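To start, the structure itself, in structure tokens.
From a predicted model like this one, the values you see are computed outputs, not experimental measurements.
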Number of protein chains: 2
Amino acid sequence: MTSTRTTVAGNGRAATLSDVAREAGVSLATASRAINGSTNRSVRADLRERVLGAAARLNYSPNANAQAMARGKTATLGLIVHDIADPFFSTIAAGVTEAADTAGLAVTLANTQHDAEREVGFIQTLQNLRARSIIVVGGRQDDDEANQRLREALAAYQERGGAAAMVGQPILGVKAVHVDNRGASAALARALHGQGYRRFAVLGGPERHLTAAERRGGFCAALAELGAPVAAEAIIPSPFVRDGGHEAMVELMRRELDVEVVFAVNDVMALGAMTAAREAGLVLPRDMAFAGFDDIFALRDVTPTLTTVRIDMVEIGRQATALALGDGEAPDLVTVTGEVVLRESTPAR
Amino acid sequence: MTSTRTTVAGNGRAATLSDVAREAGVSLATASRAINGSTNRSVRADLRERVLGAAARLNYSPNANAQAMARGKTATLGLIVHDIADPFFSTIAAGVTEAADTAGLAVTLANTQHDAEREVGFIQTLQNLRARSIIVVGGRQDDDEANQRLREALAAYQERGGAAAMVGQPILGVKAVHVDNRGASAALARALHGQGYRRFAVLGGPERHLTAAERRGGFCAALAELGAPVAAEAIIPSPFVRDGGHEAMVELMRRELDVEVVFAVNDVMALGAMTAAREAGLVLPRDMAFAGFDDIFALRDVTPTLTTVRIDMVEIGRQATALALGDGEAPDLVTVTGEVVLRESTPAR
DNA sequence: TTGTATGCGTTATCAG
DNA sequence: CTGATAACGCATACAA
């Protein structure tokens, strides 16, 4: 009376592999083999058909959790970003999802909202999920304690067989894709100097933000070498986001320094800064030149077009995924070089 | 000889709950209860301490897959978007991750790259993962076959206990958050008409894209009522993305119609169109006015500032999550109204 | 090639 | 309040 219904999936209860096997008149093992003919496809054609047919009829959906248990591994990739709404991160996420997809992995997204503490928490969650690998995206802070906690969390994760990679400074004991921020910023500085600029200001991001520091450092060092050092008071710290750029520009203008060109350590900050300048009545680029870093897609539609350092964020996402999956003998560190792109915002003078 | 090591997690092998129980000198059941004191916290304080201590010592990490098996449900939320690199989707994703996070759910992100076929595939994947709920974000196409396939996939998913919600047209048999595109576009049209505009063009997106159609329809209907109908040749179809807006604007200019203001059915298209206009030598907004839809964050930094219809995408993400989680007696349909925001791109004339 | 029997790590049921 | 023990759904070593 209870086991007569065999062809209907039933209300709520999903068909199991046993159901499929019974429906097909084969054993559980055969059904299992037929459905994912893993390495060795050792099931007779007609049986395979029967099983596949039964599975289709019952609308069978393999339980990934059960498979994870039996196989001892999952097909999940964890992706941790600071802010998925920020174009820098969402573009990298696009690269990661693309690569993960072709590798047959599901991406679990964790958004820390710029809270470093939550990174550790998410690593724990992904550890619980037994994610096959984890990619942590975003510049590190110069905060030994926070970094240490993160390092330990990742170490524990890797010790248990997980593979991790990051986009940012290679200081966490995991493989990393790192942008040559210093070199690219120095190149940008030289290019601007070559355009005739001599009086610079830098919207430098957070004091302890390593990516910001690298960009500031490379930029200022190059200018110092060229004999056009950036005055200390012309380096304005602020958050690494759009509003941070805006704030910093307001502060810079308040200081009434004699500046020709402003370098914001990332594009969204540069855009916020340009808006601040306009709000103050400046005409761009006539009254002030601007340069950013990243070359986010949105730059295609701003005016004047923004000079920046181009990095291929989609590709960075792909590379990070490759590292995290250990494709071949993946190197420990992939260094990405940026390309200086001079545009209307920094006309020759 | 093999079971003497008890205090070390071991190289690779993660500590299991049994390990914790043994280390704490209690039974598996007690350890389980102590560690997640579910509804009824019925374990003696001292035992609980012993267990928690053992867990910490062994660096125990509960296996979410095993829990999923035993509990019969997961803490996973599936999120399907067309393009995570598009600000519209990434902003909604921010809202979803935020809400999911406070609900204690992990978000599995699926990026279809605008391929409708893949939506069905991802639903299958999420079904396999036994995701507790699925949120599908993005306007539907007027394609009965595709919609039908999707509808069936979602129906099957829900029949097995999953909860689904979508952001877009409520045509899939699941709860939905739908923007009142027609109403908002009509309001925008009236506002522009009130500004003195009489000759309109519409960069209308794909012919069969429902969101595009609703925005086109609402806009044109309102203008027709006002006695300023949009000429058929002034409605240019194109993809629903930035480049689509650019292409459509090029085509519009090629037609040399007498147009005062261009309405692009979303902001990224409007931005692409403005760039195309500039490339053709137009000065904005003097030579041509523009309006978009969505009010993406990036608009804060474009010039002239763009008139648009503001919708709170982060909130839409939160709402969709609420629907998907069935918070309280969630309604079947949440209609979001947009707010017309007149900016510099459409000066009075 | 196919079938049987075990184990994966937890939760939950049912006795003590 | 605590402890055995039976599921949960699947993969696989082993036997036939």
Side-chain angles (χ1 to χ4, degrees), chain A residues 9-10 12-51 54-55 58-75 127-132 160-161, chain B residues 2 9-10 12-51 54-55 58-75 127-130 132 160-161:
Chain A
R13 191 176 147 313
T16 144
L17 190 53
S18 298
D19 298 337
V20 174
R22 192 177 328 123
E23 169 85 2
V26 301
S27 76
L28 215 203
T30 298
S32 175
R33 294 189 267 249
I35 285 190
N36 61 33
S38 56
T39 47
N40 47 354
R41 51 205 186 77
S42 54
V43 51
R44 225 169 51 205
D46 60 324
L47 278 192
R48 175 194 309 289
E49 289 314 308
R50 286 232 302 274
V51 173
L58 298 182
N59 216 305
Y60 170 68
S61 158
N63 185 323
N65 300 293
Q67 293 183 315
M69 292 262 27
R71 290 179 173 147
K73 66 178 180 184
T74 66
Q127 161 82 266
N128 295 352
L129 252 14
R130 297 299 187 264
R132 174 181 303 194
R160 284 167 166 62
Chain B
T2 74
R13 191 176 147 314
T16 143
L17 190 53
S18 297
D19 298 337
V20 173
R22 191 177 329 123
E23 170 84 5
V26 301
S27 75
L28 216 203
T30 298
S32 175
R33 292 190 268 248
I35 284 190
N36 60 32
S38 55
T39 47
N40 46 355
R41 50 204 187 77
S42 53
V43 50
R44 225 170 52 208
D46 61 323
L47 277 193
R48 176 197 307 290
E49 289 313 308
R50 285 233 302 275
V51 173
L58 297 182
N59 216 303
Y60 171 68
S61 157
N63 185 322
N65 300 293
Q67 294 182 314
M69 292 260 26
R71 292 177 172 150
K73 67 177 179 185
T74 66
Q127 160 82 265
N128 294 352
L129 252 14
R130 298 299 187 265
R132 173 182 305 196
R160 284 166 166 61

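The nearest whole Å value for the distance from the CG atom in N128(A) to the P atom in dG9(C) is 14 Å. In this structure, K73(B) atom NZ and dT10(C) atom P are separated by 18 Å, rounded to whole Å. The distance between atom CZ of R22(A) and atom C1' of dG3(C), rounded to the nearest whole Å, is 16 Å. If you measure from atom CG of L47(A) to atom C1' of dG3(C), you get 12 Å, rounded to the nearest angstrom. A straight line from CZ of R48(A) to C1' of dG3(C) spans 17 Å, rounded to a whole angstrom.
Here the closest non-hydrogen pair linking A15(A) and L58(A) is CB-O, 3.7 Å. Closest heavy-atom contact between A54(A) and A24(A): CB-CB, 3.9 Å. When all heavy atoms of I35(A) and A55(A) are compared, the closest pair comes out as CD1-CB, 4.0 Å. When all heavy atoms of V20(B) and V51(B) are compared, the pair lying nearest together is CG1-O, 3.7 Å. Closest approach of R160(A) and N59(B) over heavy atoms only: NH2-O, 2.5 Å.
One distance of note links CZ of R50(B) with CD of E23(B); it measures 10.5 Å at 0.5 Å rounding. If you take CG on N36(A) and CZ on R71(A), they are separated by 5.5 Å, rounding to the nearest 0.5 Å.
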Distance-only check: which donor-acceptor pairs under 3.5 Å involve side-chain atoms of residues 60-68 of chain B, not counting sequence neighbours?
| from | atom 1 | to | atom 2 | distance (Å) |
| --- | --- | --- | --- | --- |
| S61(B) | OG | N128(A) | OD1 | 2.7 |
| S61(B) | OG | R130(A) | NH1 | 2.9 |
| N63(B) | OD1 | N65(B) | N | 2.8 |
| N63(B) | OD1 | N65(B) | ND2 | 3.4 |
| N63(B) | OD1 | A66(B) | N | 3.1 |
| N65(B) | ND2 | L129(A) | O | 3.2 |

Expected rows: protein N/O vs nucleotides 8-10 of chain D N/O, under 3.5 Å:
| from | atom 1 | to | atom 2 | distance (Å) |
| --- | --- | --- | --- | --- |
| dC10(D) | OP1 | Y60(A) | OH | 2.4 |
| dC10(D) | OP1 | N63(A) | N | 3.3 |
| dC10(D) | OP2 | T16(A) | OG1 | 2.8 |
| dC10(D) | OP2 | L17(A) | N | 2.3 |

Please tabulate, one pair per line, each protein N/O and nucleotide N/O from nucleotides 13-15 of chain C that are separated by under 3.5 Å, including the distance.
none

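Applying the side-chain hydrogen bond (donor to acceptor under 3.5 Å, both in side chains) criterion to R44(A), with sequence neighbours excluded, gives D46(A). Listed by chain and number, the residues in a side chain to side chain contact (heavy atoms under 4.5 Å, CB included) with T16(B) are R13(B), S18(B), D19(B) (sequence neighbours excluded).
A donor-acceptor pair under 3.5 Å links the side-chain atoms of R132(B) to the main chain of T74(B), judged by distance alone.
Over its length, the helix from dT1(C)-dA16(D) to dG16(C)-dC1(D) turns its helix axis by 40°, as judged from the five terminal pairs at each end, rounded to 10°.
Residue T30(B) places no side-chain N or O under 4.0 Å from the OP1 or OP2 atom of dT2(D).
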